[in-house]
Every structure is written in C-alpha cells, then in structure tokens.
Amino acid sequence: MGCGASIYAVGKRKKKTNIPEVVVYVPSMRIPAQSDLQRPLRGLIPHDLVDRLGCLRNQIVLVAEDTGNLIAIQIVVDAGGSAVAELRRALEEYLTLLIGLTKKEHGLEDLVEFKWKNLEDGRLENSVANSWFELLSVIHMIAMLHLSEANSLMIPKDHSGSGIRVVSSDCKRDSVDLLLKASGCLVFCVHEIMAHLPPDIKKKFSRDFQDGALEAISIQALGQGTEIQLGLAVESQKASLSVKRRLACEQLIYFGQAYHFLSESGMSNMHGKKHLCFIKWKFLEAKAAAYYYHGLILDKGTEPACHVTAVCCFLAADGLLSESKKACFTFCLTAPVTRSPPLWGAMKHLTQKIPEVAARKSQMYGYLLEEEKALQALPDLPDFQLSLAPDDYILPEIDSAWDRSKWEIQSQPLKEHLEDSEDEAETE
C-alpha cells in the first residue's frame, strides 16, 4: 500500500484521485503473484498436500488484490474489515503448510519459485526459489496488514453525522496492540528468518526489504505506539507531568533509532524518501513535546536557574514545533502525495500550548534571562529505559499433513514426467 494515492473510476466519470490520510505510516506492500507449486512438488509429497498449498496460495493472491484495493482507499475497518480478517486467516493457515517446505528433512527448500509483486503498480519485485523467502514474505505481509489496520483505526471518522471527526479511546488502544504485533512480526523476520537465507539471495532484495529497513519499521511502530499512549496520557487527568515527559522522551528515542536504521539502509527510492520524511516529522514533534514537559517540571523549582533553564526548554520546544510543521508539509508533498489528518493526541494540545507558554514564560522571566546569560543553555533531556516492546511472534504449529508416516505418494509415470520436462523447456 505505502501511502500512495489510489486512482479509481466510477462508470464513465472522470478519474478521481484519492489522497489518503496518514497517521501510521505503511511502507509499500507486497502481495503474492501466481506461482506454480504443483509441478515441482508433484510426486514428492502427497497429492492432497500439494493441492492444499496451491489452493491456499491462489486464494491469498485473489483476496490480497481485493483487500489491497480496500486498503488503498482506506476502508479497512468498515467494508474492508472482513476482507482483511479473511486474508489474515488464509495467511495463518498457509503458514502451517508452508513451514513444512522449510524443513531440511523434506529436502524441498529450493524447489518452488515463489513470486511476489508490488501492490501499487503490479510490478514483479522478487522471484526466488527458496521457501524461507516465502516465509519471510508472508510474515512481512502480516506485519503490513497490522500497520494498515492501525492506520485505519486512527483516521478520525464522523459516525454521528455531526461533522466532528473523532477517534475513540478503544480504537487508540487497539491500534497500539496492532503496532506491537507488527513490530513483533518484523523482529521475527530479521532475527529468525533472515539467517536461513543465503547471501546471494538477500543481495537480490530491494533496499526496503533488507535487515536495516525492517528494523526501522519495527522500531517506528513502537514509536507510534508510544505517541498514541502520550495522547491518551494528555487526555487523562490522572497522568502526571513526569509520565508525559517520560513518554515524550521514549517516543523521541524510538524515532531517533528508526531514522538511524532507515538512513543507514541507503533507501533513496520514492518510498524511502517519504518514509524518512515521516520519521523526521515525528522525531521533531516528539522532541518538542519532550522539551515542553521537561520545561514544566524544571519551572517548578524555586531557584532562578530553574526558571531560566525552563524558559530555554520552552523556547526550544517552540522552535521545534515550527520545524515539525514544515516537516509535516514536506512529508505530505513528497511523492506519493498524502495528507495529514486533523490534529490529534498530544499535538492537538501542544500546538496551542507550546507557543503560549513560551511567550508567557519568556516575558515573565525576561529579566532573569538578561541577568543569568551564563545559564542560557539547553539542558539534556533525561534518559529513560524504553517501556514498549514488540509482541513475540510465534509461528503456528506445522500442519499434521506433514506427518510422513501417513504419506501415500503416487509415483509420477515416466511419460508424464517427460512431458512436464518438455513443457518446462518450452516455457524457458
């Protein structure tokens, strides 16, 4: 999906461009393309097992294309919700069968050539004869679906018809859960699957499918989960300034790490540039929030130095807020064009409060700023241990159809085998 604008036509009307809103950034999504599982596996595993593998993958291909269109026009939770659920069920069932192809004892790892394409333009991205690549691609797709659902839940909607678009607290909490699941899937991809792929195969992957890019998306998901938590804390009367400062500082760390991994991965394509713009925007917002809350806590001190340092924090937050607005604008205009939703969460509150407090406090303590020029230094933000962690992703149990003791394999007649070989030679 990425954040690309989808273009669709209704009847004979002029094509209408849908510019999607983005709260949770979803990188460009891959979906499976038609691949032949029957021919390479015939005679090696039971016929019904081959059929199940082929039928399930074909079902995923069809449902993925339909679901992808729903994702592109952002109706995942409403009309598209059932399609996403159906796709996820098919992927999970397919995994129970796919795992068998990765087992060394079966000797089937490199027999099937698995093809995957880009959802947006249908371009074939990878065609790899390796079952570990297929496993990586399926779990990566599950992660992207989690991100897409989280984004859809966070897009404000007007269910009452009042013209006021809101996101419920339940939707925000559900989004956090989905972000943690997505992060866990990507961590599993990097640490549990990549090691099984030969270097020559990994070299063929596009940059956004390399370890560093996957790590960046995983960490970004944790940063966005923390962003939502900070928004909930701002809306709660029970949350203390210390809690809000901690969440803002953690959010800053997550986005800083994500930016590092993504920039190191050398992504310079269209989606790579947009992705970096998104993380920079969120990094600046988090830093503005962190300095604002740090300043409020410092301002509670009684010494003049406390007030001077607090004002420095407020002025820094004000400057960072202005930079973040520019970064948001740059992100939206960077291809593929997107738009940001109405202000939400912590920034809905801070966009107004930061300039007000910075102006008021700098005026209030202007005389101290003149007297204590030596103290006019921006303090370091406190360092906190990160509280959000990815959900552990666990592969489903292998299907009982892989129990070799129950196998009855019909050998392929020599004539059919020779005919298949001739067909393969012709297609080549």
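Within the 4.5 Å cutoff, the side chain of Val24 has no heavy atoms near those of the Leu178 side chain. The shortest distance between side-chain heavy atoms of His307 and Asp299 falls below 4.5 Å. At least one side-chain heavy atom of His106 sits under 4.5 Å from a side-chain heavy atom of Arg404. For the pair Met144 and Met141, the minimum side-chain heavy-atom distance is 4.5 Å or more. In this structure the side chain of Ile228 reaches within 4.5 angstrom of the side chain of Trp344, judged on heavy atoms. Contact of the Phe261 side chain with the Ile279 side chain is not registered, since no non-hydrogen atoms from C-beta on lie closer than 4.5 Å. With a 4.5 Å cut-off on side-chain heavy atoms, Thr226 and Leu230 do not count as touching. No side-chain heavy atom of Gln251 sits under 4.5 Å from any side-chain heavy atom of Gln229.
Taking the six-membered ring for Trp and thresholds of 30 and 60 degrees, Phe314 and Tyr292 have ring planes inclined between 30 and 60 degrees apart.
Considering all non-hydrogen atoms of both residues, Ala213 and Arg207 come closest at CB-O, 3.5 Å. Ile354 and Ala317 get closest at one heavy-atom pair: CG2-C, 3.7 Å. The minimum heavy-atom distance linking Val61 with Pro32 is given by the pair CG2-O, 3.6 Å. The nearest pair of heavy atoms linking Glu21 to Asn151 is O-ND2, 3.7 Å. Between Val190 and Asp211, the closest heavy-atom pair is CG2-O, 4.0 Å. Leu388 and Glu250 make their closest contact through N-OE1, 4.4 Å (heavy atoms, listed as atom of the first residue, atom of the second, distance).
A salt bridge links Glu65 to Lys117: at least one charged side-chain nitrogen sits closer than 4.0 Å to a carboxylate oxygen. Salt bridge absent: Glu323 and Lys326 never bring a charged side-chain N and a carboxylate O closer than 4.0 Å. Under the 4.0 Å criterion applied to side-chain N and carboxylate O atoms, Arg89 and Glu93 are not assigned as salt-bridge partners. Ionic pairing of Glu134 and Arg57 is present here: one or more N-O contacts between side-chain nitrogen and carboxylate oxygen are shorter than 4.0 angstrom.
For the atom pair Ser183 OG and Ile219 CD1, the distance stands at 8.0 Å (nearest 0.5 Å). Note that CG of Leu135 and CG of Asn130 are 10.0 Å apart. Values are rounded to the nearest 0.5 Å. Leu98 contributes atom CG, which lies 9.5 Å from atom CD1 of Ile398 (distance to the nearest 0.5 angstrom). Distance CD/Glu113 to CG/Asp36: 10.0 Å, rounded to 0.5 Å. The NZ atom of Lys181 sits 14.5 Å away from atom CG of Leu186, with the distance rounded to the nearest 0.5 Å. Between atom NZ of residue Lys273 and atom CG of residue Leu262 there is a gap of 13.0 Å, rounded to the nearest 0.5 Å.
No donor-acceptor pair under 3.5 Å is formed between the side chain of His294 and the backbone N or O of Pro382. Put simply, the side chain of Ser218 never gets that close to the backbone of Leu214: no donor and acceptor are under 3.5 Å apart. Under the 3.5 Å distance criterion, the side-chain polar atoms of Tyr291 are left unmatched by any main-chain donor or acceptor of Leu320. Between the side chain of Ser324 and the backbone N or O of Leu321, at least one donor-acceptor pair lies under 3.5 Å. Arg39 places no side-chain N or O within 3.5 Å of a backbone atom of Val112 that could act as its donor or acceptor partner. Side-chain atoms of Asp399 come within 3.5 Å of backbone N or O of Ala401 as a donor-acceptor pair. Listed for the Asn58 side chain is a donor-acceptor partner under 3.5 Å among the backbone atoms of Gly54. Not a single donor-acceptor pair under 3.5 Å links the side chain of Arg246 to the backbone N or O of Phe384. Judged purely by atom type and a 3.5 angstrom limit, Ser152 has no side-chain atom pairing as donor or acceptor with the backbone of Ser148. A donor-acceptor pair under 3.5 Å links the side-chain atoms of Ser35 to the main chain of Ala33, judged by distance alone.
For His196, the ring-ring contact (aromatic ring centres under 6.0 Å, His included) test picks out Trp132, with sequence neighbours left out. In terms of the ring-ring contact (aromatic ring centres under 6.0 Å, His included) criterion, residue partners of Phe278 (sequence neighbours excluded) are, by chain and number, Tyr25, Trp281, Phe331. Taking His140 as the reference, Phe209 meet the ring-ring contact (aromatic ring centres under 6.0 Å, His included) condition, with sequence neighbours excluded.
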Evaluate side-chain contact (heavy atoms from CB on, under 4.5 Å) for Met347 paired with Leu350, printing each intermediate quantity in order. CA-CA 5 Å; Met347 296 315 296; Leu350 296 181; 4.3 Å; yes

Gln257 and His260: CA distance, side-chain angles, deciding distance, side-chain contact (heavy atoms from CB on, under 4.5 Å) verdict: CA-CA 5 Å; Gln257 291 177 351; His260 170 75; 5.6 Å; no

side-chain contact (heavy atoms from CB on, under 4.5 Å) assessment of Phe255 paired with Gln220: CA-CA 6 Å; Phe255 282 119; Gln220 171 203 314; 4.1 Å; yes

Show your working on side-chain contact (heavy atoms from CB on, under 4.5 Å) between Leu147 and Ile217 and close with a plain yes or no. CA-CA 10 Å; Leu147 293 178; Ile217 303 167; 3.8 Å; yes

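Dense packing is recorded around CD of Glu105, with more than 12 heavy atoms of other residues, nucleotides or ligands lying under 6.0 Å away. More than 12 heavy atoms of other residues, nucleotides or ligands sit less than 6.0 Å from atom CG of Asp200. Within a 6.0 Å radius of CG in Asp380, other residues, nucleotides and ligands contribute 12 heavy atoms or fewer.
Inspection of the Thr330 and Lys280 side chains reveals no N or O donor paired with an N or O acceptor under 3.5 Å. No hydrogens or angles considered: a donor-acceptor pair under 3.5 Å links the side chains of Asp208 and Ser206.
When the options Asp110, Leu41, Leu111 are evaluated for a side-chain contact (heavy atoms from CB on, under 4.5 Å) with Leu101, the one that passes is Leu41. Remark: of the listed residues Lys244, Lys348, Lys172, Lys172 is the sole one forming a salt bridge (charged side-chain N to carboxylate O under 4.0 Å, His left out) with Glu235.
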